[in-house]
Amino acid sequence: MKRFAAVTLAALMLLTVFASAASAADAVEIRGPVFNGSNIQSIVGDGITIGADQFAAFYYDINDNVTTETLSINNVTGNNGNVIGEGGLVYTTTVQKVAYEYDKPAAGWDNYSVIGFFAEKYIPLKPAKADKLAKLILDSNDKYTVRTGEKLDLGDGYAIEAKQVDVDGKKVWLEFSKDGELVDDEIIEVGTGDAKSNTWNVELDDIEGEDDVVVLKLHVNQVFQGAVDSIAQIEGLWLIDYANAMTIKSDDEFDELNKVSINGPTLTIRNDDTFTLTRDSTNKIAEGMSFKVADTGSDVLRFYLAKEITEPGTYEIRGQVVSGTGDFTWDATNFAGFYYDIDDDISTESLSVSDIEGNVIPVGGLVYTTQTKQVSYKYDKPAAGWDKYSVIGFFAEQYIPLKSAKADKLAKLILDSNDKYTVRTGEKLDLGDGYAIEAKQVDVDGKKVWLEFSKDGELVDDEIIEVGTGDAKSNTWNVELDDIEGEDDVVVLKLHVNQVFQGAVDSIAQIEGLWLIDYANAMTIKSDDEFDELNKVSINGPTLTIRNDDTFTLSRDSTEKIAEGMSFKIADTPATELRYYPFVEKIVGEGDGPIEKPTPDENKTVEVNKTVEENKTVEENKTVETPGENSVEEPTTPAEKPDKTPGFGVVLGLVGLLAVVYLVRRNN
């Protein structure tokens, strides 16, 4: 049994090492409105409802101005303190109609049903039923050319292949496949005068028990003779992931929301038990949605709704939608992209528009402002010198001013942690971005540790830190550097050593409290700098203001860049209407979207190796295979995200393994 325990422990230690050594995947948190009060009763009042206008993760179509989802906290008898009573938390979503990107009603491309489901876009298998859903893969009005024998990859294993093209007869024979298996095929004739004849609607049966489900819509614009072969041009593509469709049942449970009600196009899910808003924690609601609750005293309750996204891709975080030409201001309360610290209830940024005429913002009418503020360290120990530090949001990114009351010289924050880390003699603790701490020597008897701080392997500074002196501040090492963007005495690293002790085979220092800025990539903002469309800079101590020095046109049906990754998205509306919102894009992982979309003609055309047959005609008589009963695939579970804490390397794992073996042999 001892040997088994030793082997098990050793395996777990090695797994821990390799998990920590791996690169941590990024995540994006989309924030809803912040609620602040003494308790849940004072916050809720007669009831509050959060919609897509307040919570950017909820589905929203700007062109049709369509939303489907809400989350409500109702006034129920069980609400008390930081507890939401049974049935007080209600999620509701309702099927709505939106236009196809290929908006051609005469050709059968009018609108389709859509529904948001826990901040994800889905398509109901039947237009007025909210219980059977599939994800939308593609809704495109781009043009694609497909040659004979060529496959057009639609993403997620779906593809279209042009089997044959009859230019003289203006026909094309297309095959639709999933994971290389034939699903359906069709001969499409163009130029008949009937606008709808150019569209192929693939309808399948027995998709989650439903028949005649449209899973693919495809419009062939024309067929023509290329330089060496015949070509079909597709304009209009719409596809759902029917193979991974799902059915929601009345007895389903979604984490803390577990009372399901389905009424035609409307799906409602409530909590069947009390829900506690535990302070200083993230409280899961359902399907990646949570309430994030501030670290406050029992007389204050502050929280917001959040959606964490870990799937690789590029995601849009939008601000509140504005309709019309009136003046408007966005800050952290209505633009989730802006910096916000929930524990200290601190935000720094705002963006305002004023005096719009038609769809044109005049000179000076677009103003971005940010200022330095003070927030608490995660290692919140004022007696040990860990009280507060200055922070500033800069175009929706968190920065640290090199001097607390000056907004012109900034560096990104790399680490602010109250986690505990153990470092052995000769071991390096990777802090990220090339920064590291190494324990050169540990003196257990003298309660001292000699630490070195390095950047890209080059020594920056070192210090002998003595613990157990009775002076709380003596355990903290503040690394101050000179000539950082012209500033001296800049604190770039704060590190608190909790204790030193003797391990099984060597001496160890325990660090609790780490704070680090990327001083090597600090920047200075000058009055003559230009940030895309914001190009008139004003710096007044802790406040930075940037205006447009030229007119700014909100062109309809477009994305107009503001500055530094921030843009306006403007709806496709008539000239008498104006609807738009600001947004920033955040990248998770490598930035590859969850589904790869086919590349339209303007970027590239994929060449394939093929033999061109002369005078090939379309075969009119053919057998069409239909998908079998087992063609629907089960959805896969995404891999768990690795921890974001710094790793100690493989050496730690080997040392730990040897220590375990040594102890077992000694016990035996």
Side-chain angles (χ1 to χ4, degrees), residues 9-10 13-14 16-17 20-21 377-387 414-432 434-482 489-517 519 645-667:
L9 181 57
M13 290 178 69
L14 283 175
T16 302
V17 168
S20 63
Y377 291 97
K378 290 294 181 184
Y379 183 68
D380 188 14
K381 305 287 183 182
W386 295 75
D387 188 7
I414 293 177
L415 195 60
D416 181 14
S417 172
N418 61 356
D419 292 330
K420 291 180 180 178
Y421 309 94
T422 55
V423 189
R424 290 163 172 79
T425 305
E427 180 179 86
K428 278 192 175 182
L429 178 62
D430 181 9
L431 306 181
Y435 298 96
I437 289 292
E438 181 177 358
K440 300 297 290 182
Q441 293 183 30
V442 177
D443 177 6
V444 176
D445 296 331
K447 295 183 179 181
K448 298 176 184 178
V449 57
W450 174 21
L451 295 178
E452 277 192 357
F453 174 48
S454 62
K455 165 66 175 169
D456 297 329
E458 298 293 326
L459 175 67
V460 176
D461 199 359
D462 66 342
E463 184 76 7
I464 296 173
I465 303 169
E466 187 174 359
V467 301
T469 63
D471 180 5
K473 292 184 179 181
S474 69
N475 294 24
T476 291
W477 179 24
N478 293 321
V479 177
E480 296 184 7
L481 300 181
D482 292 337
D489 303 322
V490 177
V491 177
V492 302
L493 170 73
K494 284 177 72 76
L495 181 152
H496 180 267
V497 179
N498 205 34
Q499 58 177 315
V500 295
F501 57 96
Q502 183 65 46
V505 294
D506 52 11
S507 301
I508 296 170
Q510 185 186 74
I511 295 172
E512 184 182 11
L514 267 172
W515 184 90
L516 171 68
I517 65 171
Y519 71 87
T645 54
F648 298 144
V650 177
V651 174
L652 170 59
L654 296 176
V655 170
L657 179 58
L658 292 173
V660 171
V661 173
Y662 168 76
L663 290 173
V664 170
R665 288 185 175 178
R666 187 178 67 177
N667 289 335

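Rounding to the nearest 0.5 Å places CG of Asp462 at 11.0 Å from OG of Ser454. Remark: Asp443 CG to Ile465 CD1 distance equals 13.5 Å, nearest 0.5 Å. Atom CG of Asp461 is separated from atom CD of Glu452 by 9.5 Å, given to the nearest 0.5 angstrom. Atom CG of Asn498 sits about 7.5 Å away from atom CG of Asn475, to the nearest 0.5 Å. Note that NZ of Lys428 and NZ of Lys440 are 8.0 Å apart. Values are rounded to the nearest 0.5 Å. Note that the CD atom of Glu458 and the CG atom of Asp456 stand 8.0 Å from one another [nearest 0.5 Å].
Here the closest non-hydrogen pair linking Lys447 and Val500 is CA-CG2, 3.5 Å. Here the closest heavy-atom approach between residue Val444 and residue Ser507 is recorded as CG2-OG, 3.4 Å. Of all the heavy atoms in Thr425 and Val442, the pair that sits closest is OG1-CG2, 3.7 Å. Here the closest heavy-atom approach between residue Val467 and residue Gln499 is recorded as CG2-CA, 4.4 Å.
A perpendicular orientation is assigned to the rings of Trp515 and Tyr377, their planes being inclined by more than 60° (bins at 30° and 60°).
A 4.5 Å side-chain heavy-atom check between Ile437 and Trp477 finds at least one atom pair inside the cut-off. A 4.5 Å side-chain heavy-atom check between Val423 and Leu451 finds every atom pair outside the cut-off. Looking at Val460 and Tyr519, their side chains come closer than 4.5 Å, going by heavy atoms from C-beta outward.
Exactly one residue among Thr476, Asp380, Asn418 makes a side-chain hydrogen bond (donor to acceptor under 3.5 Å, both in side chains) with Trp386. That residue is Thr476.
Applying the 6.0 Å contact sphere to NZ of Lys455 captures more than 12 heavy atoms from other residues, nucleotides or ligands.
At distances below 3.5 Å, at least one donor-acceptor pair connects side-chain atoms of Lys494 with backbone N or O atoms of Gly385. Side-chain atoms of His496 come within 3.5 Å of backbone N or O of Glu512 as a donor-acceptor pair.
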Leu514/Tyr379 under side chain to side chain contact (heavy atoms under 4.5 Å, CB included): CA gap, chis, key distance, verdict: CA-CA 8 Å; Leu514 267 172; Tyr379 183 68; over 6 Å; no
Worked check of side chain to side chain contact (heavy atoms under 4.5 Å, CB included) between Ile511 and Leu495: CA-CA 7 Å; Ile511 295 172; Leu495 181 152; 3.9 Å; yes
Val449/Ile464 under side chain to side chain contact (heavy atoms under 4.5 Å, CB included): CA gap, chis, key distance, verdict: CA-CA 6 Å; Val449 57; Ile464 296 173; over 6 Å; no
Full working for side chain to side chain contact (heavy atoms under 4.5 Å, CB included) between Leu493 and Tyr435: CA-CA 10 Å; Leu493 170 73; Tyr435 298 96; over 6 Å; no
